[in-house]
Chemist: 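Supplied in structure tokens, the structure appears directly below.
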Amino acid sequence: MYSLPPLTLAVLALLRSTTAQSIIGFGPYFSLGPTQSWIREANTTLVLPEIPTPELLDRLALWPGMGTSGGDLIQALAVSFADPDANCGATEGQWCTWASTLQGTQLGGDQVPASPGDGLTMHYVYNDSTGEYDQTVSINGQVVSSLSTISGQAQGWGTAVECQDDACQSTVPAHQYLSTTLILDSADQSFGDTLAINEADSSDFTTSDNGQTWTVSTINIHSHTFAL
Ligand SMILES: *[C@@H]1O[C@H](CO)[C@@H](O)[C@H](O)[C@H]1NC(C)=O
Ligand SMILES: *[C@@H]1O[C@H](CO)[C@@H](O)[C@H](O)[C@H]1NC(C)=O
């Protein structure tokens, strides 16, 4: 159902969804990869903005995603729908959020309402005993949705603002990703050089241990108006 920012990673571009949306567009992003290692764990907190305007157009998605060697896209989602009640029981002005992996089809955990101002912590961690990525979405610290998928190994991580159909004529408010931490399987000092940014800015993307653990405390995604 969801596909990828066009400039993220060459390896990710192959994953573009083949399902039938009439229009798909991508806005701002903060994108990393591919790493020469692989990503064991990723943690970030998306602070939800107000829903896009005009309101209630299908469909606008915010997500931090990881493209994998298995051809999957691990992508916990926050989506603004034309009918939020029908999708997750949300009221007008709310988002729906859930753990999700694009694996040919869109797999997902429970879909729950979330409000502007909520902190959605999207946590992905490779589980050595199962070979799966365990994914959770927490709202203000409480786990609300989870999903585990065998997806291979994650090669990059990036944020996306994705419009589909009528939402490709809307304005998405600025929003932030806080306390982002990416842990690689082994040190890759060149990982920082893979950063690509569009209509976004951030505090420094730094490593505390010569390339295995990478952090960025604040990513500011700018407001974006789609006109597709
Ligand atoms: C992920 O980030 C949140 C928010 O900073 C933090 O509360 C939580 O402990 C982190 N979880 C893990 C597993 O790192
Ligand atoms: C790995 O997955 C198993 C099975 O779901 C689970 O019991 C275990 O707690 C997970 N390991 C970690 C470190 O989370």
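Remember, it's 1-based here, ligands and their atoms both numbered in the order they're listed.
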Chemist: Hey, which atoms in ligand 1 end up nearer than 4.0 Å to a heavy atom of Thr121?
Modeler: 1 (C), 2 (O), 3 (C)
Chemist: Tell me whether atom 13 (C) of ligand 2 lies less than 4.0 Å from at least one protein heavy-atom position.
Modeler: no
Chemist: Could you find the nearest protein heavy atom to atom 1 (C) of ligand 1 and give me its residue, atom name and distance?
Modeler: Asn43 ND2, 1.5 Å
Chemist: Under 4.0 Å from any heavy atom of Thr130, which atoms of ligand 2 are there?
Modeler: 2 (O), 4 (C)
Chemist: Has Trp38 got a side-chain atom pairing as donor or acceptor with Thr68's backbone, closer than 3.5 angstrom?
Modeler: no
Chemist: Could any protein non-hydrogen atom be found less than 4.0 Å from atom 9 (O) of ligand 2?
Modeler: no
Chemist: Run the side chain to side chain contact (heavy atoms under 4.5 Å, CB included) check on Cys88 and Val112 step by step: do they pass?
Modeler: CA-CA 5 Å; Cys88 72; Val112 303; 5.8 Å; no
Chemist: Mark up the atoms of ligand 2 that fall under 4.0 Å of a heavy atom belonging to Ser129, in ascending order.
Modeler: 1 (C)
Chemist: Report yes or no: do Asp165 and Ser22 form a side-chain donor-acceptor pair below 3.5 Å?
Modeler: yes
Chemist: Are Tyr124 and Trp157 an aromatic pair by the rule of ring centers under 6.0 Å?
Modeler: no
Chemist: Give the residue and atom name of whichever protein heavy atom lies nearest to atom 5 (O) of ligand 1, and the separation in Å to one decimal.
Modeler: Ser179 CB, 3.7 Å
Chemist: Could you check whether any side-chain N or O of Ser145 sits under 3.5 Å from a backbone N or O of Asp110, counting only pairs where one atom can act as donor and the other as acceptor?
Modeler: yes
Chemist: Report, in ascending order of atom number, the atoms of ligand 1 lying under 4.0 Å from any heavy atom of Glu41.
Modeler: 13 (C)
Chemist: May I ask you to identify the nearest protein heavy atom to atom 4 (C) of ligand 1, giving residue, atom name and distance to one decimal place in Å?
Modeler: Thr45 OG1, 3.6 Å
Chemist: What protein heavy atom is closest to atom 11 (N) of ligand 2, reported as residue, atom name and distance in Å?
Modeler: Asn127 ND2, 3.0 Å
Chemist: Can you tell me if CD on Glu50 sees more than 12 non-hydrogen neighbours from other groups inside 6.0 Å?
Modeler: no
Chemist: Tell me whether Gln103 at atom CD has more than 12 heavy atoms from other residues, nucleotides or ligands lying less than 6.0 Å away.
Modeler: yes
